[in-house]
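Have a look at the structure below, then the notes.
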Amino acid sequence: MRERQLIPYFDKEKPFFLFQNRGSGLMCPSENTPLILNSQNFLHARNLLGQEFEHILFDARTTLNLDALAIAIGTLKAGGTLVLWLDSKDHIDLDSRRWSGVEKGIITPNFNRHFYRLLQSFLFLSEHSTPSFIGGRIGPPLRNHHQSPTIEQQNIIQKILTSPADVAILTAKRGRGKSALLGMLSDEIKHKKCWLTAPNKSAVKTLQDFAKQPIIFIAPDDLCQQIQQDPTQYQQDWLLIDEAAMLPLPVLHQLVSTFERIVISTTMHSYEGTGRGFLLKFLANLHRTFQQFELIEPLRWAKGDKLEKFIEALLLLEAEDNFIQPEYDPQTAMQIRQISQSEIVKKIVDFYGLLSLAHYRTTPLDLRRLFDAPQQRFYLAENEEYLLGGLWLMQEGGFQSMALIEKICRGECRPQGNLVVQSLAFQANLPQACQLHSLRISRIAVQPKWQQHGLGQQLIQTLIEQTDVDFISVSFGYTEALFHFWRKCGFVLVQISSYKEASSGCYSMIMLRPISVAGECVVKKAQVYFQRNFPFSFHPLKKKFTFPLDCQLTDDDIHILKNFAFFHRTLFSSIGAIRRLMAISDVQHCPLLMDYCQRKEKDVQLMGGKKNWLKQCRLEVAHLLTQNNIV
């Protein structure tokens with residue numbers, strides 16, 4: 001099979017001479033026309049999954065998006081050429097605006113050293129930064145892998161069909177024919193209805209191509225809704241789930257709860273997240289019998305493909321597999337210490353491996369942030385040989401402009417970064433949170449065999465004892481286990497999101513731990529605000545938390561009402577103040593608010609669209625304020 005080529009290119013002129021024709025945009029190019037990926041379409045690169053291209057031009061001069069680069073390399077055919085168009089001068093990488101917390105972006109020296117070192121070590125680039133044109137063997141591929149299953153694929157298909165297990169889990173790196181196997185498997189399922197679901201319908205094109213008969217596709221959310229309505233309707237059917245690691249675990253567990261047989265496929269090393277961490281968490285709560293299968297041999301490119309090895313090294317995709325997991329030893333001599341970002345860069349393989357194992361949605365965006373983002377702090381738990389756990393923290397707050405803080409409270413401005421303090425200012429009417437200095441826990445990770453032994457709490461306690469900030473915050477997808485862990489660590493609940501997060505399938509919670517006297521004051525205000533307003537919401541989790549009703553309209557309520565009526569405050573974060581205002585008002589001229597409160601939000605028909613409906617709600621609140629001589 002022909003080798004694939006990567007050509008770094010630094011010339012100021014457009015490198016179209018490398019191809020016979022020109023092409024542009026995210027479209028299927030003709031045989032000799034390159035697919036062009038650049039900052040204009042990087043965010044749409046996911047739509048290319050499941051396709052294959054002969055020539056790709058990747059313009060990374062101003063923006064190096066690792067997600068898009070990984071996708072591009074994964075779609076390049078055997079014998080294909082990827083030209084990586086670079087700017088060799090130091091410059092702000094505009095991709096950093098997504099992850100650095102700096103609005104204009106930053107220069108990324110640590111990642112650049114990692115990147116260019118790998119280009120040189122894989123012989124794509126000489127020591128003098130001149131392009132090295134790697135020639136590939138000429139001729140057609142050794143075989144057309146679209147014609148029939150390989151021996152490896154056929155063996156797995158037969159094992160799945162004859163397995164007594166309810167759930168078959170198929171794993172593979174990209175390019176191993178995993179989707180093709182599912183398509184061919186569907187043709188072998190006789191006398192049973194077969195359904196297909198996946199996070200992205202466009203990404204299952206290859207799977208559909210390999211199936212002789214069409215497979216019924218249904219979106220995961222729609223399928224979950226149908227299961228809730230009648231779980232018995234699928235009890236005799238098969239379900240194929242492609243790229244399962246991209247689905248929230250609660251969704252995935254609901255999907256596997258009812259079908260007679262389920263086949264789950266996931267990519268082990270992928271830009272979307274990591275496979276082994278996903279399997280650990282998925283299997284921990286799987287209550288059906290299962291059997292695992294793995295595809296090894298590459299089909300879309302040659303075994304030992306240099307470009308595949310390059311992207312694995314660049315994205316540290318092997319870090320999770322190579323991370324050593326020692327047995328728990330209560331007698332081990334362990335130390336917990338704060339380390340600098342430069343030290344994290346030196347330990348990046350182990351630290352990223354630990355994160356990937358603990359949080360399977362660890363992605364290249366996290367990797368870029370670890371290398372170069374400012375305002376980060378790190379704590380590691382280690383013994384003499386191994387990394388056992390770690391904390392990754394982001395510095396927040398310290399705003400000095402009261403005008404900027406007021407804009408944040410009104411919803412008129414959202415500066416980069418500072419996720420929790422901005423949320424406290426906007427949602428909980430706490431401008432003081434932006435002024436104080438705080439640390440947000442971005443990740444806490446503990447070796448799997450060392451969990452449930454108090455190491456996580458020891459990491460948090462060390463942070464509390466050593467930190468110099470006013471308070472510590474954490475935001476996470478709600479589960480009872482996580483909530484109880486953070487409560488054990490002294491954190492108090494101050495916010496619950498109105499919608500489930502797409503990534504986790506859970507409601508997002510914010511909890512705070514005070515450190516200084518000023519921090520204690522802000523945390524207490526945030527806690528009182530939450531407990532005072534949450535009972536007036538229609539939140540599905542309301543029954544889990546019992547707080548007394550406070551119907552007195554306060555000055556804080558009036559400030560919130562004005563920000564809702566005349567600015568951009570959300571209805572969900574204002575509903576407590578609105579219902580208190582309604583209780584002392586003549587509400588006969590407020591039909592939308594009455595309907596909303598009586599029918600409990602989800603049943604409301606948003607006549608004229610949500611935007612217009614919300615505008616009318618704001619007008620009704622303004623009317624009530626005027627009626628009560630508040631404006």
Report task. Any chance you could lay out the side-chain hydrogen bond (donor to acceptor under 3.5 Å, both in side chains) test for T266 and E243, step after step, and finish with the verdict? Result -> CA-CA 4 Å; T266 192; E243 295 300 352; 4.7 Å; no
Requested in this report: Go through the steps for N112 and T108 under the test side-chain hydrogen bond (donor to acceptor under 3.5 Å, both in side chains), then give the verdict.
Outcome: CA-CA 6 Å; N112 288 348; T108 57; 3.3 Å; yes
Requested in this report: In sequence, state the C-alpha distance, the side-chain angles, and the governing distance for S96 and R369, and then conclude on side-chain hydrogen bond (donor to acceptor under 3.5 Å, both in side chains).
Outcome: CA-CA 8 Å; S96 65; R369 184 181 290 120; over 6 Å; no
Query raised in the report: Does the pair E312 and K173 meet the rule for a side-chain contact (heavy atoms from CB on, under 4.5 Å), with working shown?
Result: CA-CA 10 Å; E312 287 178 351; K173 294 182 181 180; 3.1 Å; yes
Requested in this report: Show your reasoning for whether side-chain contact (heavy atoms from CB on, under 4.5 Å) applies to L388 and V446.
Outcome: CA-CA 6 Å; L388 304 175; V446 173; over 6 Å; no
Requested in this report: Show the numbers, then the answer: is there a side-chain contact (heavy atoms from CB on, under 4.5 Å) between N65 and R98?
Outcome: CA-CA 10 Å; N65 184 306; R98 290 194 303 149; 3.4 Å; yes
Query raised in the report: Can you list the steps and then say if L255 with T197 is a side-chain contact (heavy atoms from CB on, under 4.5 Å)?
Result: CA-CA 9 Å; L255 294 177; T197 192; 4.1 Å; yes
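Of the inter-residue distances, the one linking Q153 atom CD with L170 atom CG reads 9.5 Å to the nearest 0.5 angstrom. In this structure, the separation between CG on L314 and CG on L307 is 10.5 Å, given to the nearest 0.5 Å. Between the CD1 atom of I344 and the CG atom of N110 there is a distance of 11.5 Å, given to the nearest 0.5 Å. Note that the CZ atom of R377 and the CH2 atom of W392 stand 16.0 Å from one another [nearest 0.5 Å]. Rounding to the nearest 0.5 Å places CD of E52 at 9.5 Å from CG of L76. Taken to the nearest 0.5 Å, the CD atom of E396 stands 9.0 Å off from the CG atom of L424.
A donor-acceptor pair shorter than 3.5 Å cannot be found between the side chains of D95 and T63. Under the 3.5 Å distance criterion, with hydrogens and angles disregarded, a donor-acceptor pair is assigned to the side chains of D242 and S179. No hydrogens or angles considered: a donor-acceptor pair under 3.5 Å links the side chains of S475 and S508. Between S573 and Q427, the side chains place a donor N or O and an acceptor N or O closer than 3.5 Å (distance only, hydrogens not considered).
With respect to the salt-bridge test (charged N to carboxylate O, under 4.0 angstrom), the residues D93 and R368 qualify. Salt bridge K178/E152: absent, no basic N to carboxylate O contact under 4.0 Å. Checked for salt-bridge contact, E308 and R174 miss the test: no charged N lies under 4.0 Å from a carboxylate O. The pair E103-R414 does not meet the salt-bridge criterion, since no charged nitrogen lies less than 4.0 angstrom from a carboxylate oxygen. Looking at D209 and K205, a side-chain N of the basic residue comes within less than 4.0 Å of a carboxylate O on the acidic one, giving a salt bridge. Remark: D366 engages R443 in a salt bridge, criterion side-chain N to carboxylate O under 4.0 Å. Under the 4.0 Å criterion applied to side-chain N and carboxylate O atoms, K89 and D87 are not assigned as salt-bridge partners.
For the pair L316/H114, a side-chain contact is recorded, criterion being any heavy-atom separation below 4.5 Å from C-beta on. At least one side-chain heavy atom of L64 sits less than 4.5 Å from a side-chain heavy atom of F58. The closest side-chain heavy-atom distance from S473 to I441 is not below 4.5 Å. Side-chain contact between I7 and L84: absent, with no pair of heavy atoms (C-beta onward) separated by less than 4.5 Å. The closest side-chain heavy-atom distance from L354 to F323 is below 4.5 Å. Looking at L6 and L119, their side chains come closer than 4.5 Å, going by heavy atoms from C-beta outward. Contact of the C506 side chain with the E501 side chain is not registered, since no non-hydrogen atoms from C-beta on lie closer than 4.5 Å. Looking only at side-chain heavy atoms (C-beta outward), L439 and Q395 come within less than 4.5 Å of each other.
When all heavy atoms are compared, the tightest approach of L82 to A72 is CD1-CB, 3.9 Å. When all heavy atoms of A198 and P220 are compared, the closest pair comes out as O-CD, 3.3 Å. Across L66 and P364, no two heavy atoms sit closer than the pair CB-CB, 3.7 Å. The two residues F42 and D59 come nearest to each other via the heavy atoms CZ-O, 3.5 Å. The shortest non-hydrogen separation linking H253 to F282 is CE1-O, 3.2 Å. Closest of all the heavy-atom pairs between I92 and G105 is CG2-C, 3.5 Å.
Without hydrogens or angle criteria, N41 side chain to H44 main chain gives no donor-acceptor distance under 3.5 Å. Judged by distance alone, the side chain of R410 and the main-chain N or O of F426 form no donor-acceptor pair under 3.5 Å. Formation of a donor-acceptor pair under 3.5 Å by the E320 side chain with backbone atoms of L317 is not found in this model. Between the Q422 side chain and the L419 main chain, no donor and acceptor come within less than 3.5 Å of each other. A donor-acceptor pair under 3.5 Å is formed between the side chain of R176 and the backbone N or O of I296. Looking only at distances, no side-chain donor or acceptor of K201 sits under 3.5 Å from a matching main-chain atom of I218. Using modelled atom types, no side-chain atom of H55 and backbone atom of I36 make a donor-acceptor pair closer than 3.5 Å. At least one donor-acceptor pair under 3.5 Å links the side chain of S121 to the backbone N or O of L118. Between the side chain of N322 and the backbone N or O of E318 there is at least one donor-acceptor pair closer than 3.5 Å.
A side-chain contact (heavy atoms from CB on, under 4.5 Å) with L355 is found for exactly one of L367, T362, I444, namely T362. Of the listed residues (T363, D372, L370), just one forms a side-chain contact (heavy atoms from CB on, under 4.5 Å) with W99, and that residue is D372.
Under the ring pair (Phe, Tyr, Trp, His ring centres under 6.0 Å) criterion, Y379 pairs with no residue at all, not counting sequence neighbours.
Using cut-offs of 30° and 60° on the angle between ring planes, the pair Y116 and F10 is parallel.
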